[in-house]
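Throughout, a chain's letter reflects where its sequence line sits, starting with A, and its residues are numbered from 1. Here the structure is a predicted model, which is why all the values come from computation and not from measurement.
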Number of protein chains: 2
Amino acid sequence: MSLGHIGVTEPVISCADDCGVRDVLDRLGDKWSVLVVVELAAGVHRFKELQRAVDGISQRMLTLTVRRLERDGLVTRTVHPTVPPQVEYELTELGHSLTHLVKNLADWSLANRPRIEAARREWDAKADMPS
Amino acid sequence: MSLGHIGVTEPVISCADDCGVRDVLDRLGDKWSVLVVVELAAGVHRFKELQRAVDGISQRMLTLTVRRLERDGLVTRTVHPTVPPQVEYELTELGHSLTHLVKNLADWSLANRPRIEAARREWDAKADMPS
DNA sequence: CCGCATCCGTTACGATACTG
DNA sequence: CAGTATCGTAACGGATGCGG
């Protein structure tokens, strides 16, 4: 059945050493999922609201992203049969539990970004003069 | 200078809403980085050891991955001028601080995988009979 | 307004072969 | 052993246009 229409491909990798880490990362590792989750953590959003909020995401990618999140039970999608149509996205309880992890990531990143950038500059510097 | 040789491309996205989350995810979101970090969390490893440990990683990807981790100051690479050559990889302090985050991710994943898979099956089921 | 389909370029990844 | 170089493939992601 393939599920190709929302861009889902089954990973071949087995649970040898990761034992679960890859699983989350495959959901959150893509370019937009985390941003959408962060945005939804603030509350319910409509499609267009989300697109405006995430800044830079294309319509296509937003659709794919919310579909995948919905499939994994992290987001609910409720359609109001009005005209024009109105669709609302909301984090599930499972989705909310994820926001704590994301918060930790953000904190770590904020705290250590300077060190990372310093290391990066250093590395790049000595990589540029091999002579 | 481009750094293309280790597969590094500068992201265009700005810190509008993510404010740091993307930064970590860009490092850890790829297919192998986390696996390597997890493996190195257990202790020092030689190149070949790492490759055997990670299971499925190609020589090329292992090289690229450790280079990027090294560039970001998460891993040190020490070359012993012996013959045959011997190279050892080890987590830096910064790298070790990351393992806590990874641990949280793994825990969350382990705890919630059943729910995710259930949601996924449910979604797939109703997606398969549109009639 | 919502979102699916199509086309297309870019990037990531894997396989293989070759060097010190 | 520890890489580098080259090539091919497939996934990712952006732009556009159409339909409900």
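- Between B:Y89 and B:F47, the ring planes lie tilted relative to each other; the angle falls in the 30° to 60° range.
- A sub-4.0 Å separation between OP1 or OP2 of D:dA2 and a side-chain N or O of B:R77 is absent.
- Of the listed nucleotides (D:dC1, C:dG14, D:dG3), D:dG3 has the atom at the smallest distance from the side chain of B:T63.
- Computed from coordinates, the B:W32 CH2 to C:dT11 P distance equals 22 Å when rounded to whole Å.
- A straight line from CE of B:M61 to P of D:dA5 spans 16 Å, rounded to a whole angstrom.
- By the neighbour-count criterion of 12 heavy atoms within 6.0 Å, atom CD of B:E49 is densely surrounded, having more than that number from other residues, nucleotides or ligands.
- Between B:L50 atom CG and D:dA2 atom P the separation is 9 Å, expressed in whole Å.
- Residues A:V66 and A:R77 form no side-chain contact, since every pair of their non-hydrogen atoms from C-beta on lies 4.5 Å or further apart.
- The interatomic distance linking A:I57 (CD1) with D:dA15 (C1') rounds to 15 Å, in whole Å.
- As rounded to whole Å, 14 Å separates atom P of D:dT6 from atom CG of B:L64.
- One finds a side-chain N or O of B:K31 lying less than 4.0 angstrom from the OP1 or OP2 phosphate oxygen of C:dG14.
- Taking the charged nitrogens against the carboxylate oxygens, A:D72 and A:R68 have no contact shorter than 4.0 Å, which rules out a salt bridge.
- Here C:dA12 presents its P atom at 14 Å from CG of A:D30, a figure rounded to the nearest Å.
- In this structure, A:R60 does not reach the D:dG17 phosphate: none of its side-chain N or O atoms is under 4.0 Å from OP1 or OP2.
- In this structure, the CD atom of B:E88 is 16 Å from the C1' atom of D:dG3, given to the nearest Å.
- Within the structure, every side-chain polar atom (N or O) of B:Y89 is placed at least 4.0 Å from both OP1 and OP2 of D:dC1.
- A:W108 is listed as a side-chain neighbour of B:L94, based on a closest heavy-atom distance under 4.5 Å.
- Looking at heavy-atom distances under 4.0 Å, A:R46 makes contact with sugar-phosphate atoms alone, never a base.
- Here the side chain of B:S58 is nearest to one of C:dG14, D:dA2, D:dG3, namely C:dG14.
- Of the two residues contacting DNA chain C, namely B:Q59 and A:F47, the nearest-nucleotide position lying further toward the 5' end is that of A:F47.
- Residue A:L62 contributes atom CG, which lies 13 Å from atom C1' of C:dC4 at whole-angstrom precision.
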